[in-house]
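Here the structure comes first, spelled out in structure tokens, and everything after it is commentary.
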Amino acid sequence: MKALHKNILERLDQIINNTGDHIYYFINNPHVFTRKRTLDAATVLKTTINMQGQNLNSELFRAFGKDATKKNDKVVSTSAYVQRKSQLSPACFKHILTVFNRPIVKLS
């Protein structure tokens with residue numbers, strides 16, 4: 001059973017990474033998400049999908065706090081996350097969930 005859950009999570013991760021690699025299909029401004037940043041498209045998508053209903057500061061600390069603490073770096077600010085998320089189109093989330101919910105021929 002754990003193998004099935006792992007395969008499902010790996011599939012979702014692949015879909016998100018693929019969407020992040022082709023983010024230009026889902027954005028209006030061709031200049032966003034072009035430079036290497038902490039909050040690249042795939043990271044913003046994964047962070048948004050993994051949120052569990054806590055306040056935004058708690059969610060961002062849960063997502064980035066451990067790594068930032070290890071590297072003695074700053075945690076991603078709420079403002080930076082909100083600005084990056086606003087550059088995404090709702091169509092990218094629709095695409096991820098549509099692809100994820102397609103019938104799977106062989107998962108395990």
Side-chain angles (χ1 to χ4, degrees):
M1 190 69 159
K2 283 188 177 185
L4 179 63
H5 288 281
K6 185 179 177 190
N7 287 343
I8 291 171
L9 292 176
E10 286 175 357
R11 180 166 187 265
L12 181 59
D13 197 48
Q14 288 171 352
I15 294 166
I16 293 171
N17 288 336
N18 189 345
T19 304
D21 290 342
H22 299 96
I23 197 67
Y24 45 87
Y25 290 127
F26 304 104
I27 56 177
N28 296 326
N29 185 347
H31 301 292
V32 298
F33 294 109
T34 55
R35 293 188 282 175
K36 180 90 169 116
R37 302 269 176 124
T38 302
L39 288 174
D40 62 347
T43 303
V44 175
L45 290 167
K46 288 177 186 178
T47 303
T48 304
I49 290 172
N50 284 323
M51 288 194 171
Q52 299 175 356
Q54 298 178 6
N55 67 57
L56 191 52
N57 284 329
S58 297
E59 293 287 355
L60 293 176
F61 188 79
R62 187 176 58 81
F64 301 104
K66 293 177 185 175
D67 289 340
T69 305
K70 288 179 186 175
K71 296 177 185 176
N72 202 14
D73 202 2
K74 296 177 186 175
V75 178
V76 172
S77 72
T78 303
S79 176
Y81 171 77
V82 170
Q83 288 174 25
R84 291 300 268 181
K85 190 177 135 205
S86 71
Q87 295 171 338
L88 293 173
S89 165
C92 62
F93 293 100
K94 181 179 178 183
H95 169 76
I96 290 168
L97 296 175
T98 301
V99 172
F100 182 69
N101 287 315
R102 284 184 188 153
I104 302 170
V105 178
K106 184 177 181 183
L107 189 59
S108 54

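For clarity, every value in this text was computed on a predicted model and none was experimentally measured.
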Requested in this report: Evaluate side-chain contact (heavy atoms from CB on, under 4.5 Å) for Leu39 paired with Lys85, printing each intermediate quantity in order.
Outcome: CA-CA 9 Å; Leu39 288 174; Lys85 190 177 135 205; over 6 Å; no
Query raised in the report: Can you name the closest pair of heavy atoms from Glu59 and Arg62 and give their distance?
Result: OE1-NH2, 2.7 Å
**Report entry** Contact summary for Ser86 and Gln83, nearest pair of heavy atoms
**Finding:** OG-O, 2.7 Å
Query raised in the report: Between Gln14 and Arg11, does any side-chain donor sit less than 3.5 Å from a side-chain acceptor?
Result: no
Query raised in the report: Judged by atom type as modelled, is there a donor-acceptor pair below 3.5 Å linking the side chain of Asn17 to the main-chain atoms of Asp13?
Result: yes
Query raised in the report: Just wondering, are more than 12 heavy atoms of other shown residues or ligands nearer than 6.0 Å to CG in Asn28?
Result: no
Query - Distance-minimising heavy-atom pair for Lys46 and Ile16 - result: CG-CG2, 3.5 Å
Query raised in the report: Thr19 and Tyr25: side-chain donor and acceptor closer than 3.5 Å?
Result: no
Report summary line: Of all heavy-atom pairs linking Ile23 and Ala41, the shortest is CG1-CB, 3.8 Å
Query raised in the report: Rounded to the nearest 0.5 Å, how far apart are CD of Gln54 and CZ of Phe61?
Result: 12.0 Å
Requested in this report: Take Leu97 and Ile15, measure what side-chain contact (heavy atoms from CB on, under 4.5 Å) needs, and give me the verdict at the end.
Outcome: CA-CA 9 Å; Leu97 296 175; Ile15 294 166; over 6 Å; no
Query raised in the report: How close do Ser89 and Phe26 get, heavy atom to heavy atom, and via which atoms?
Result: CB-O, 2.7 Å
Report task. Identify the heavy atoms of Cys92 and Leu45 that sit nearest to each other, and give their distance. Result -> SG-CD2, 3.7 Å
Query raised in the report: Are Val32 and Leu88 close enough that some pair of their side-chain heavy atoms sits under 4.5 Å apart?
Result: no
Query raised in the report: Quick check: does any side chain N or O of His22 sit under 3.5 Å from a backbone N or O of Asn18, one acting as donor and the other as acceptor?
Result: yes
Report task. For residues Val76 and Thr47, determine if any side-chain heavy atom of one lies less than 4.5 Å from a side-chain heavy atom of the other. Result -> no
